[in-house]
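First the structure, in the form of C-alpha coordinates, and then the observations on it.
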Amino acid sequence: MTIAFYVASAVALFATLMVVTRRNPVHAVLYLMVSLLAVAVVFFTLGAHFAAALEVIIYAGAIIVLFVFMIMLLNIGPPPSTRQESLLLTPGIWVGPSALSVLLAGLFLYVILAGGRSVQAGSYVDAKTVGISMFEIYFLGVELASMILLAGLVGAYHLGKRDLPDEAEGGNG
Amino acid sequence: MNETLGTLLIIAFVILGVLHVAPGLIWLERRLLALWQDRYGPNRVGPFGLFQVLADAIKMFFKEDWIPPFADKATFILAPCIINVTALTAFAVIPFAPGWSVVDMSVGLLFFLAMSSLGVYSVTLAGWASNNKYSLLGGLRASAQMLGYEVFMGLSLMGVVLMSGTFNLAKIVEAQQNTIWYCVPQFLGMMLFLIAGIAETHRLPFDLPEAEAELIAGFHSEYSSMKFGMFFIGEYIGITLISCLMTVLYFGGWDGPTFGISEGLALKLVQFGWFAAKTFVFLCLFILLRASFCRPRYDQLIAFGWKIMLPLSLANLLITGAALLALE
(Lines give C-alpha, C1' and ligand atoms only; values in the text may rest on other atoms or scores of the structure.)
Protein backbone atom coordinates (compact mmCIF):
# COMPACT_ATOMS: atom_id res chain seq x y z
CA MET A 1 0.00 0.00 0.00
CA THR A 2 2.87 2.39 0.80
CA ILE A 3 4.36 1.84 -2.66
CA ALA A 4 0.95 2.48 -4.25
CA PHE A 5 0.71 5.69 -2.23
CA TYR A 6 4.05 7.04 -3.47
CA VAL A 7 3.50 5.94 -7.08
CA ALA A 8 0.06 7.60 -7.13
CA SER A 9 1.48 10.76 -5.57
CA ALA A 10 4.23 10.89 -8.20
CA VAL A 11 1.67 10.42 -10.98
CA ALA A 12 -0.49 13.19 -9.50
CA LEU A 13 2.46 15.60 -9.35
CA PHE A 14 3.64 14.75 -12.88
CA ALA A 15 0.11 15.02 -14.33
CA THR A 16 -0.48 18.35 -12.63
CA LEU A 17 2.79 19.66 -14.04
CA MET A 18 1.65 18.53 -17.49
CA VAL A 19 -1.69 20.35 -17.02
CA VAL A 20 -0.01 23.74 -16.75
CA THR A 21 2.50 23.13 -19.55
CA ARG A 22 0.23 21.71 -22.32
CA ARG A 23 -0.75 24.11 -25.09
CA ASN A 24 -3.74 22.08 -26.29
CA PRO A 25 -6.61 22.71 -23.81
CA VAL A 26 -8.15 19.23 -24.22
CA HIS A 27 -4.82 17.54 -23.49
CA ALA A 28 -4.40 19.75 -20.41
CA VAL A 29 -7.86 18.78 -19.16
CA LEU A 30 -7.12 15.10 -19.75
CA TYR A 31 -3.97 15.39 -17.62
CA LEU A 32 -6.09 17.10 -14.97
CA MET A 33 -8.37 14.06 -15.02
CA VAL A 34 -5.38 11.73 -14.56
CA SER A 35 -4.23 13.91 -11.67
CA LEU A 36 -7.64 13.61 -9.99
CA LEU A 37 -7.66 9.83 -10.51
CA ALA A 38 -4.22 9.64 -8.90
CA VAL A 39 -5.49 11.65 -5.93
CA ALA A 40 -8.38 9.18 -5.66
CA VAL A 41 -5.83 6.35 -5.44
CA VAL A 42 -4.01 8.30 -2.71
CA PHE A 43 -7.29 8.55 -0.77
CA PHE A 44 -7.85 4.82 -1.26
CA THR A 45 -4.43 3.89 0.07
CA LEU A 46 -5.06 6.09 3.12
CA GLY A 47 -8.23 4.10 3.88
CA ALA A 48 -10.79 6.65 2.72
CA HIS A 49 -12.54 4.41 0.18
CA PHE A 50 -15.73 6.45 0.18
CA ALA A 51 -13.91 9.71 -0.51
CA ALA A 52 -11.92 8.00 -3.28
CA ALA A 53 -15.10 6.80 -5.00
CA LEU A 54 -16.72 10.23 -4.72
CA GLU A 55 -13.57 11.90 -6.07
CA VAL A 56 -13.81 9.79 -9.23
CA ILE A 57 -17.59 10.11 -9.62
CA ILE A 58 -17.85 13.85 -9.02
CA TYR A 59 -14.53 15.37 -10.07
CA ALA A 60 -13.12 13.05 -12.73
CA GLY A 61 -16.50 11.82 -13.98
CA ALA A 62 -18.64 14.95 -13.96
CA ILE A 63 -16.79 18.23 -13.50
CA ILE A 64 -13.92 17.52 -15.89
CA VAL A 65 -16.42 16.20 -18.44
CA LEU A 66 -18.08 19.62 -18.23
CA PHE A 67 -14.66 21.22 -18.89
CA VAL A 68 -14.23 19.06 -21.98
CA PHE A 69 -17.81 19.85 -22.96
CA MET A 70 -17.19 23.58 -22.81
CA ILE A 71 -13.92 23.34 -24.74
CA MET A 72 -15.72 21.35 -27.42
CA LEU A 73 -18.66 23.74 -27.50
CA LEU A 74 -16.44 26.82 -27.90
CA ASN A 75 -14.08 24.89 -30.21
CA ILE A 76 -10.92 26.16 -28.51
CA GLY A 77 -7.73 25.03 -30.19
CA PRO A 78 -4.13 25.60 -29.10
CA PRO A 79 -3.41 29.35 -28.73
CA PRO A 80 -1.78 30.87 -31.85
CA SER A 81 1.11 32.30 -29.81
CA THR A 82 2.46 32.09 -26.30
CA ARG A 83 3.16 35.84 -26.04
CA GLN A 84 0.72 36.26 -23.15
CA GLU A 85 2.34 33.38 -21.23
CA SER A 86 5.86 34.63 -21.90
CA LEU A 87 4.93 37.92 -20.21
CA LEU A 88 4.33 35.91 -17.05
CA LEU A 89 7.90 34.64 -17.11
CA THR A 90 9.51 37.96 -16.15
CA PRO A 91 11.37 37.52 -12.85
CA GLY A 92 9.67 40.41 -11.02
CA ILE A 93 6.28 38.70 -11.01
CA TRP A 94 7.69 35.61 -9.30
CA VAL A 95 9.08 37.25 -6.18
CA GLY A 96 5.82 37.53 -4.20
CA PRO A 97 4.40 34.03 -4.89
CA SER A 98 7.84 32.45 -4.34
CA ALA A 99 8.22 34.06 -0.92
CA LEU A 100 4.74 32.90 0.12
CA SER A 101 5.41 29.36 -1.20
CA VAL A 102 8.67 29.13 0.71
CA LEU A 103 6.82 30.19 3.85
CA LEU A 104 4.18 27.50 3.27
CA ALA A 105 6.82 24.84 2.56
CA GLY A 106 8.59 25.81 5.80
CA LEU A 107 5.35 25.49 7.76
CA PHE A 108 4.63 22.11 6.15
CA LEU A 109 8.12 20.81 7.02
CA TYR A 110 7.72 22.07 10.59
CA VAL A 111 4.37 20.27 10.98
CA ILE A 112 5.80 17.01 9.64
CA LEU A 113 8.95 17.17 11.76
CA ALA A 114 7.19 18.28 14.96
CA GLY A 115 4.10 16.07 14.66
CA GLY A 116 5.94 12.74 14.37
CA ARG A 117 7.18 10.69 11.48
CA SER A 118 3.99 9.05 10.26
CA VAL A 119 1.95 11.18 7.87
CA GLN A 120 -0.30 8.30 6.82
CA ALA A 121 -3.59 7.83 8.66
CA GLY A 122 -4.07 4.19 7.61
CA SER A 123 -7.33 3.59 9.44
CA TYR A 124 -10.31 2.57 7.34
CA VAL A 125 -13.13 5.12 7.06
CA ASP A 126 -16.47 3.75 5.85
CA ALA A 127 -19.44 5.60 4.36
CA LYS A 128 -21.34 5.54 7.65
CA THR A 129 -18.59 7.39 9.51
CA VAL A 130 -18.43 10.01 6.77
CA GLY A 131 -22.22 10.48 6.91
CA ILE A 132 -22.33 10.76 10.69
CA SER A 133 -19.51 13.31 10.85
CA MET A 134 -21.03 15.33 8.00
CA PHE A 135 -24.49 15.56 9.51
CA GLU A 136 -23.52 15.79 13.18
CA ILE A 137 -20.14 17.45 13.70
CA TYR A 138 -19.91 19.46 10.48
CA PHE A 139 -23.64 19.98 10.06
CA LEU A 140 -23.41 23.77 9.86
CA GLY A 141 -20.62 23.68 7.28
CA VAL A 142 -22.54 21.24 5.08
CA GLU A 143 -25.65 23.40 5.20
CA LEU A 144 -23.68 26.57 4.40
CA ALA A 145 -21.95 24.84 1.47
CA SER A 146 -25.30 23.67 0.13
CA MET A 147 -26.62 27.24 0.31
CA ILE A 148 -23.62 28.53 -1.64
CA LEU A 149 -24.25 25.85 -4.24
CA LEU A 150 -27.91 26.88 -4.39
CA ALA A 151 -26.84 30.48 -5.00
CA GLY A 152 -24.66 29.26 -7.87
CA LEU A 153 -27.59 27.29 -9.26
CA VAL A 154 -29.94 30.27 -9.11
CA GLY A 155 -27.30 32.44 -10.75
CA ALA A 156 -26.78 29.92 -13.56
CA TYR A 157 -30.53 29.75 -14.08
CA HIS A 158 -30.74 33.51 -14.29
CA LEU A 159 -27.91 33.73 -16.83
CA GLY A 160 -29.34 30.92 -18.94
CA LYS A 161 -32.92 32.21 -18.85
CA ARG A 162 -34.50 33.03 -22.20
CA ASP A 163 -35.42 36.66 -22.85
CA LEU A 164 -39.02 37.67 -22.34
CA PRO A 165 -40.92 37.88 -25.66
CA ASP A 166 -41.09 41.73 -25.72
CA GLU A 167 -37.37 42.06 -24.99
CA ALA A 168 -36.34 39.58 -27.66
CA GLU A 169 -37.34 41.77 -30.62
CA GLY A 170 -34.57 42.30 -33.10
CA GLY A 171 -32.74 39.17 -31.96
CA ASN A 172 -33.70 35.61 -32.77
CA GLY A 173 -34.93 34.89 -29.26
CA MET B 1 -1.55 -18.26 -2.66
CA ASN B 2 -4.73 -20.26 -3.23
CA GLU B 3 -6.79 -17.12 -2.87
CA THR B 4 -4.66 -15.26 -5.42
CA LEU B 5 -5.06 -18.16 -7.84
CA GLY B 6 -8.84 -18.08 -7.33
CA THR B 7 -8.95 -14.34 -8.02
CA LEU B 8 -6.83 -14.75 -11.16
CA LEU B 9 -9.18 -17.53 -12.34
CA ILE B 10 -12.18 -15.27 -11.84
CA ILE B 11 -10.46 -12.41 -13.69
CA ALA B 12 -9.69 -14.71 -16.64
CA PHE B 13 -13.23 -16.04 -16.53
CA VAL B 14 -14.71 -12.52 -16.49
CA ILE B 15 -12.56 -11.18 -19.33
CA LEU B 16 -12.97 -14.24 -21.56
CA GLY B 17 -16.63 -14.62 -20.66
CA VAL B 18 -17.58 -11.00 -21.25
CA LEU B 19 -15.54 -10.70 -24.43
CA HIS B 20 -17.38 -13.75 -25.80
CA VAL B 21 -20.79 -12.66 -24.62
CA ALA B 22 -20.46 -9.37 -26.53
CA PRO B 23 -20.12 -10.88 -30.06
CA GLY B 24 -22.70 -13.50 -29.12
CA LEU B 25 -25.07 -10.66 -28.35
CA ILE B 26 -24.56 -9.18 -31.81
CA TRP B 27 -25.80 -12.45 -33.33
CA LEU B 28 -28.61 -12.74 -30.77
CA GLU B 29 -29.70 -9.18 -31.44
CA ARG B 30 -29.85 -9.65 -35.20
CA ARG B 31 -31.77 -12.91 -34.89
CA LEU B 32 -34.22 -11.63 -32.27
CA LEU B 33 -34.85 -8.35 -34.12
CA ALA B 34 -35.55 -10.39 -37.24
CA LEU B 35 -37.90 -12.66 -35.31
CA TRP B 36 -39.88 -9.71 -33.94
CA GLN B 37 -40.02 -8.06 -37.36
CA ASP B 38 -41.17 -11.26 -39.10
CA ARG B 39 -37.87 -11.89 -40.94
CA TYR B 40 -35.20 -14.59 -40.72
CA GLY B 41 -32.08 -12.56 -40.01
CA PRO B 42 -28.61 -14.02 -40.61
CA ASN B 43 -29.14 -17.79 -40.95
CA ARG B 44 -26.75 -18.88 -43.73
CA VAL B 45 -23.28 -19.06 -42.19
CA GLY B 46 -22.94 -22.10 -39.96
CA PRO B 47 -25.64 -23.53 -37.67
CA PHE B 48 -28.39 -20.94 -37.08
CA GLY B 49 -26.13 -18.36 -38.69
CA LEU B 50 -23.82 -18.44 -35.66
CA PHE B 51 -20.63 -18.10 -37.71
CA GLN B 52 -21.89 -14.81 -39.14
CA VAL B 53 -20.31 -13.07 -36.14
CA LEU B 54 -17.00 -14.77 -36.88
CA ALA B 55 -17.19 -13.70 -40.51
CA ASP B 56 -17.98 -10.14 -39.45
CA ALA B 57 -15.07 -10.13 -37.00
CA ILE B 58 -12.64 -11.33 -39.69
CA LYS B 59 -13.96 -8.70 -42.07
CA MET B 60 -13.49 -6.01 -39.44
CA PHE B 61 -9.92 -7.03 -38.61
CA PHE B 62 -8.84 -6.96 -42.25
CA LYS B 63 -10.34 -3.58 -43.12
CA GLU B 64 -7.98 -0.67 -43.48
CA ASP B 65 -7.32 0.98 -40.13
CA TRP B 66 -7.52 4.61 -41.16
CA ILE B 67 -6.69 7.55 -38.91
CA PRO B 68 -7.73 10.81 -40.59
CA PRO B 69 -4.78 13.23 -40.99
CA PHE B 70 -6.84 16.05 -39.45
CA ALA B 71 -7.60 14.04 -36.30
CA ASP B 72 -5.87 14.48 -32.93
CA LYS B 73 -4.00 11.18 -33.16
CA ALA B 74 -3.32 10.32 -29.50
CA THR B 75 -6.83 11.14 -28.32
CA PHE B 76 -8.34 9.45 -31.36
CA ILE B 77 -6.66 6.15 -30.41
CA LEU B 78 -7.32 6.60 -26.68
CA ALA B 79 -11.09 7.07 -27.02
CA PRO B 80 -12.16 3.53 -28.04
CA CYS B 81 -9.87 2.04 -25.37
CA ILE B 82 -11.55 3.99 -22.55
CA ILE B 83 -15.03 2.56 -23.07
CA ASN B 84 -13.72 -1.03 -22.98
CA VAL B 85 -11.40 -0.50 -20.03
CA THR B 86 -14.03 1.20 -17.86
CA ALA B 87 -16.79 -1.28 -18.72
CA LEU B 88 -14.56 -4.32 -18.13
CA THR B 89 -13.13 -2.87 -14.90
CA ALA B 90 -16.63 -2.35 -13.54
CA PHE B 91 -17.17 -6.14 -13.80
CA ALA B 92 -14.60 -6.52 -11.00
CA VAL B 93 -17.23 -5.81 -8.34
CA ILE B 94 -20.06 -7.97 -9.75
CA PRO B 95 -20.73 -11.02 -7.54
CA PHE B 96 -21.58 -13.91 -9.89
CA ALA B 97 -22.13 -16.43 -7.07
CA PRO B 98 -21.29 -16.37 -3.33
CA GLY B 99 -17.58 -15.52 -3.16
CA TRP B 100 -17.24 -15.38 -6.95
CA SER B 101 -16.16 -11.82 -7.56
CA VAL B 102 -12.80 -10.28 -8.40
CA VAL B 103 -12.86 -7.92 -5.42
CA ASP B 104 -15.32 -7.87 -2.55
CA MET B 105 -15.27 -4.10 -2.25
CA SER B 106 -17.08 -2.22 0.50
CA VAL B 107 -17.92 0.61 -1.91
CA GLY B 108 -18.70 -1.70 -4.85
CA LEU B 109 -21.77 0.16 -6.03
CA LEU B 110 -19.89 3.47 -6.00
CA PHE B 111 -17.07 1.82 -7.93
CA PHE B 112 -19.54 0.90 -10.66
CA LEU B 113 -20.88 4.47 -10.73
CA ALA B 114 -17.33 5.82 -10.94
CA MET B 115 -16.46 3.55 -13.87
CA SER B 116 -19.67 4.36 -15.68
CA SER B 117 -19.06 8.10 -15.25
CA LEU B 118 -15.53 7.72 -16.66
CA GLY B 119 -17.03 5.95 -19.68
CA VAL B 120 -18.41 9.32 -20.82
CA TYR B 121 -14.89 10.34 -21.88
CA SER B 122 -14.78 7.69 -24.56
CA VAL B 123 -17.66 9.08 -26.58
CA THR B 124 -16.89 12.72 -25.86
CA LEU B 125 -13.22 12.45 -26.80
CA ALA B 126 -14.00 10.38 -29.88
CA GLY B 127 -16.29 13.16 -31.05
CA TRP B 128 -13.71 15.85 -30.37
CA ALA B 129 -10.63 14.04 -31.70
CA SER B 130 -12.28 13.17 -35.02
CA ASN B 131 -12.26 16.89 -35.89
CA ASN B 132 -15.47 16.51 -37.85
CA LYS B 133 -18.62 18.57 -37.33
CA TYR B 134 -20.95 15.57 -37.20
CA SER B 135 -18.71 13.75 -34.75
CA LEU B 136 -18.42 16.86 -32.60
CA LEU B 137 -22.21 17.19 -32.45
CA GLY B 138 -22.47 13.52 -31.54
CA GLY B 139 -19.86 13.95 -28.81
CA LEU B 140 -21.63 17.02 -27.41
CA ARG B 141 -24.95 15.20 -27.37
CA ALA B 142 -23.36 12.20 -25.69
CA SER B 143 -21.72 14.17 -22.91
CA ALA B 144 -24.87 16.18 -22.12
CA GLN B 145 -27.04 13.06 -22.20
CA MET B 146 -24.73 10.88 -20.13
CA LEU B 147 -24.07 13.58 -17.52
CA GLY B 148 -27.78 14.25 -17.10
CA TYR B 149 -28.79 10.61 -16.83
CA GLU B 150 -25.88 9.75 -14.56
CA VAL B 151 -27.21 12.10 -11.88
CA PHE B 152 -30.45 10.24 -11.34
CA MET B 153 -28.86 6.85 -12.00
CA GLY B 154 -26.91 7.33 -8.78
CA LEU B 155 -29.95 8.68 -6.95
CA SER B 156 -32.20 5.83 -8.09
CA LEU B 157 -29.73 3.30 -6.65
CA MET B 158 -29.80 4.96 -3.23
CA GLY B 159 -33.16 3.30 -2.48
CA VAL B 160 -31.43 -0.08 -2.63
CA VAL B 161 -28.56 1.21 -0.49
CA LEU B 162 -31.03 2.52 2.11
CA MET B 163 -32.87 -0.80 2.29
CA SER B 164 -29.79 -3.01 2.48
CA GLY B 165 -27.64 -0.55 4.44
CA THR B 166 -24.50 -1.22 2.39
CA PHE B 167 -22.69 -0.37 -0.87
CA ASN B 168 -21.27 -3.90 -1.08
CA LEU B 169 -22.96 -5.76 -3.95
CA ALA B 170 -22.60 -9.24 -2.41
CA LYS B 171 -24.16 -7.99 0.84
CA ILE B 172 -27.01 -6.41 -1.14
CA VAL B 173 -27.76 -9.84 -2.65
CA GLU B 174 -27.63 -11.46 0.80
CA ALA B 175 -29.99 -8.79 2.18
CA GLN B 176 -32.44 -9.67 -0.59
CA GLN B 177 -32.18 -13.39 0.21
CA ASN B 178 -33.16 -12.63 3.81
CA THR B 179 -36.10 -10.36 2.94
CA ILE B 180 -37.53 -9.90 -0.54
CA TRP B 181 -36.17 -9.15 -4.01
CA TYR B 182 -35.93 -5.37 -4.27
CA CYS B 183 -37.84 -5.32 -7.57
CA VAL B 184 -41.01 -5.30 -5.43
CA PRO B 185 -40.38 -2.54 -2.85
CA GLN B 186 -38.05 -0.59 -5.19
CA PHE B 187 -40.11 -0.92 -8.37
CA LEU B 188 -39.87 2.80 -9.19
CA GLY B 189 -36.14 2.83 -8.49
CA MET B 190 -35.71 -0.19 -10.75
CA MET B 191 -37.51 1.48 -13.67
CA LEU B 192 -35.46 4.65 -13.19
CA PHE B 193 -32.22 2.67 -13.13
CA LEU B 194 -33.19 0.72 -16.25
CA ILE B 195 -33.95 3.91 -18.19
CA ALA B 196 -30.73 5.52 -16.96
CA GLY B 197 -28.86 2.37 -17.93
CA ILE B 198 -30.18 2.48 -21.48
CA ALA B 199 -29.19 6.14 -21.75
CA GLU B 200 -25.72 5.46 -20.31
CA THR B 201 -25.03 2.77 -22.89
CA HIS B 202 -26.64 5.08 -25.51
CA ARG B 203 -28.71 2.27 -26.94
CA LEU B 204 -31.90 2.78 -28.89
CA PRO B 205 -34.21 4.57 -28.12
CA PHE B 206 -31.53 6.81 -26.55
CA ASP B 207 -28.89 6.55 -29.28
CA LEU B 208 -28.99 10.26 -30.13
CA PRO B 209 -25.16 10.56 -30.10
CA GLU B 210 -24.96 8.35 -33.19
CA ALA B 211 -28.37 9.05 -34.77
CA GLU B 212 -27.48 7.90 -38.28
CA ALA B 213 -30.29 9.83 -39.94
CA GLU B 214 -28.99 13.23 -38.78
CA LEU B 215 -25.35 12.74 -37.77
CA ILE B 216 -24.21 9.92 -40.14
CA ALA B 217 -22.85 7.88 -37.24
CA GLY B 218 -22.16 10.66 -34.75
CA PHE B 219 -19.07 10.24 -32.64
CA HIS B 220 -17.69 7.24 -34.54
CA SER B 221 -18.15 8.54 -38.10
CA GLU B 222 -14.38 8.70 -38.64
CA TYR B 223 -13.58 5.36 -37.05
CA SER B 224 -12.88 2.31 -39.17
CA SER B 225 -11.74 -1.27 -38.79
CA MET B 226 -11.23 -2.59 -35.27
CA LYS B 227 -11.33 0.88 -33.69
CA PHE B 228 -14.97 1.02 -34.74
CA GLY B 229 -15.22 -2.59 -33.56
CA MET B 230 -14.05 -1.53 -30.09
CA PHE B 231 -16.94 0.95 -29.80
CA PHE B 232 -19.29 -1.73 -31.03
CA ILE B 233 -18.04 -4.32 -28.53
CA GLY B 234 -17.88 -1.69 -25.77
CA GLU B 235 -21.57 -0.95 -26.25
CA TYR B 236 -22.46 -4.63 -25.80
CA ILE B 237 -20.19 -4.94 -22.76
CA GLY B 238 -22.06 -1.95 -21.32
CA ILE B 239 -25.40 -3.64 -21.92
CA THR B 240 -24.15 -6.83 -20.25
CA LEU B 241 -22.93 -4.78 -17.28
CA ILE B 242 -26.27 -3.01 -16.80
CA SER B 243 -28.10 -6.35 -17.09
CA CYS B 244 -25.81 -7.90 -14.45
CA LEU B 245 -26.51 -4.97 -12.14
CA MET B 246 -30.27 -5.22 -12.66
CA THR B 247 -29.97 -8.86 -11.59
CA VAL B 248 -27.77 -8.12 -8.59
CA LEU B 249 -29.59 -5.05 -7.30
CA TYR B 250 -33.24 -5.82 -7.95
CA PHE B 251 -33.66 -9.53 -8.76
CA GLY B 252 -31.76 -11.27 -5.99
CA GLY B 253 -28.51 -11.97 -7.88
CA TRP B 254 -27.71 -15.66 -7.52
CA ASP B 255 -30.81 -16.32 -5.40
CA GLY B 256 -33.06 -19.12 -6.68
CA PRO B 257 -34.17 -22.74 -6.06
CA THR B 258 -31.11 -25.00 -5.70
CA PHE B 259 -32.84 -28.33 -6.47
CA GLY B 260 -31.68 -29.97 -3.23
CA ILE B 261 -27.97 -29.28 -3.90
CA SER B 262 -26.61 -27.82 -0.69
CA GLU B 263 -22.82 -27.61 -0.93
CA GLY B 264 -19.66 -27.56 -2.98
CA LEU B 265 -18.95 -26.52 -6.51
CA ALA B 266 -22.28 -27.87 -7.76
CA LEU B 267 -24.17 -25.37 -5.58
CA LYS B 268 -22.03 -22.49 -6.85
CA LEU B 269 -22.66 -23.57 -10.43
CA VAL B 270 -26.43 -23.72 -9.88
CA GLN B 271 -26.34 -20.27 -8.29
CA PHE B 272 -24.25 -18.94 -11.16
CA GLY B 273 -26.78 -20.52 -13.51
CA TRP B 274 -29.55 -18.48 -11.89
CA PHE B 275 -27.46 -15.34 -12.18
CA ALA B 276 -26.74 -15.97 -15.86
CA ALA B 277 -30.37 -16.82 -16.63
CA LYS B 278 -31.68 -13.62 -15.05
CA THR B 279 -29.02 -11.55 -16.82
CA PHE B 280 -29.97 -13.17 -20.13
CA VAL B 281 -33.60 -12.07 -19.69
CA PHE B 282 -32.47 -8.45 -19.31
CA LEU B 283 -30.20 -8.71 -22.33
CA CYS B 284 -33.23 -9.82 -24.36
CA LEU B 285 -35.22 -6.93 -22.88
CA PHE B 286 -32.58 -4.48 -24.16
CA ILE B 287 -32.96 -5.94 -27.65
CA LEU B 288 -36.76 -5.88 -27.44
CA LEU B 289 -36.60 -2.19 -26.48
CA ARG B 290 -34.60 -1.53 -29.62
CA ALA B 291 -37.21 -3.32 -31.71
CA SER B 292 -40.18 -1.49 -30.23
CA PHE B 293 -39.34 2.16 -29.55
CA CYS B 294 -38.56 5.10 -31.79
CA ARG B 295 -35.98 7.75 -31.05
CA PRO B 296 -37.16 10.88 -29.15
CA ARG B 297 -36.11 14.37 -30.19
CA TYR B 298 -32.93 15.56 -28.48
CA ASP B 299 -34.52 18.36 -26.40
CA GLN B 300 -37.28 15.95 -25.35
CA LEU B 301 -34.65 13.49 -24.17
CA ILE B 302 -32.80 16.05 -22.04
CA ALA B 303 -36.02 17.58 -20.64
CA PHE B 304 -37.29 14.09 -19.80
CA GLY B 305 -34.13 13.36 -17.84
CA TRP B 306 -34.02 16.58 -15.83
CA LYS B 307 -37.71 17.40 -15.41
CA ILE B 308 -39.30 13.97 -14.92
CA MET B 309 -36.70 11.37 -14.01
CA LEU B 310 -34.68 13.47 -11.55
CA PRO B 311 -37.70 14.57 -9.43
CA LEU B 312 -39.05 11.01 -9.53
CA SER B 313 -35.77 9.56 -8.26
CA LEU B 314 -35.66 12.18 -5.48
CA ALA B 315 -39.24 11.26 -4.56
CA ASN B 316 -38.28 7.58 -4.54
CA LEU B 317 -35.38 8.33 -2.18
CA LEU B 318 -37.65 10.38 0.10
CA ILE B 319 -40.42 7.79 0.25
CA THR B 320 -37.99 4.91 0.83
CA GLY B 321 -36.28 6.80 3.65
CA ALA B 322 -39.59 7.78 5.26
CA ALA B 323 -40.98 4.25 5.03
CA LEU B 324 -37.82 2.76 6.54
CA LEU B 325 -37.93 5.25 9.42
CA ALA B 326 -41.63 4.54 10.01
CA LEU B 327 -41.07 0.77 10.06
CA GLU B 328 -38.09 0.98 12.39
Side-chain angles (χ1 to χ4, degrees), chain A residues 18 22-34 36-41 43-44 47-78 123-132 135 153 156-157 160 162, chain B residues 72-76 78-79 82 86 89-90 93 103 105-131 133 135-151 153-154 157-158 161-162 165-168 200 219:
Chain A
M18 295 297 271
R22 289 312 87 187
R23 289 185 63 212
N24 188 324
V26 170
H27 292 178
V29 165
L30 283 181
Y31 274 112
L32 186 57
M33 184 196 83
V34 173
L36 288 168
L37 287 179
V39 173
V41 176
F43 279 152
F44 197 87
H49 296 195
F50 188 68
L54 287 191
E55 171 98 8
V56 179
I57 295 174
I58 295 170
Y59 285 96
I63 292 178
I64 303 298
V65 176
L66 282 179
F67 280 30
V68 178
F69 185 82
M70 283 323 291
I71 291 169
M72 280 167 65
L73 201 65
L74 303 174
N75 202 8
I76 306 170
S123 65
Y124 170 67
V125 185
D126 64 351
K128 207 173 200 167
T129 325
V130 175
I132 289 172
F135 289 101
L153 200 65
Y157 175 75
R162 289 208 181 137
Chain B
D72 186 294
K73 200 175 170 203
T75 322
F76 189 83
L78 185 69
I82 294 178
T86 54
T89 315
V93 291
V103 277
M105 201 187 256
S106 61
V107 287
L109 194 55
L110 291 176
F111 184 79
F112 155 72
L113 285 174
M115 285 304 128
S116 107
S117 62
L118 287 182
V120 184
Y121 283 105
S122 175
V123 181
T124 312
L125 291 177
W128 176 79
S130 299
N131 205 358
K133 287 284 181 290
S135 301
L136 190 69
L137 281 172
L140 280 176
R141 281 184 174 189
S143 49
Q145 169 182 334
M146 287 168 91
L147 269 181
Y149 279 69
E150 210 175 82
V151 173
M153 177 189 243
L157 293 178
M158 288 310 125
V161 175
L162 273 180
T166 175
F167 288 108
N168 185 315
E200 280 293 298
F219 62 91

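In what follows, chains are A, B, ... by sequence order, proteins preceding strands, each numbered from 1.
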Looking only at heavy atoms, the pair that brings B:Glu150 and A:Gly61 closest together is OE1-O, 3.9 Å
With a 4.5 angstrom heavy-atom cut-off, which part of [X] approaches chain A: side chain, backbone, both or neither?
X: B:Leu125; answer: side chain
X: B:Leu136; answer: both
X: B:Thr75; answer: side chain
X: B:Ala144; answer: both

Chain A interface, residue from [options] that has the most non-hydrogen pairs under 4.5 Å:
options: B:Gly154, B:Ala114, B:Gly139; value: B:Ala114
options: B:Ser106, B:Ser116, B:Gly127, B:Ala129; value: B:Ser106
options: B:Tyr121, B:Phe167, B:Phe111; value: B:Tyr121

Applying a strict 4.5 Å limit to non-hydrogen atoms, the region of A:Val65 in contact with chain B is both
Okay, A:Ile58 and chain B: the region with an atom under 4.5 Å from a heavy atom over there is neither
Min side-chain heavy-atom separation A:Ile57-B:Leu118 under 4.5 Å
no
Checklist entry - Does a side-chain heavy-atom distance below 4.5 Å link B:Asp72 with A:Asn24? => result yes
side-chain hydrogen bond (donor to acceptor under 3.5 Å, both in side chains) filter on B:Thr89, not counting sequence neighbours, yields none
In terms of heavy-atom pairs under 4.5 Å with chain B, the winner among A:Ala62, A:Ala60, A:Ala53, A:Ala40 is A:Ala60
dist B:Thr124:OG1 -> A:Phe69:CZ (nearest 0.5 Å) comes out at 9.0 Å
Separation between OG (B:Ser143) and CE (A:Met70), nearest 0.5 Å, reads 10.5 Å
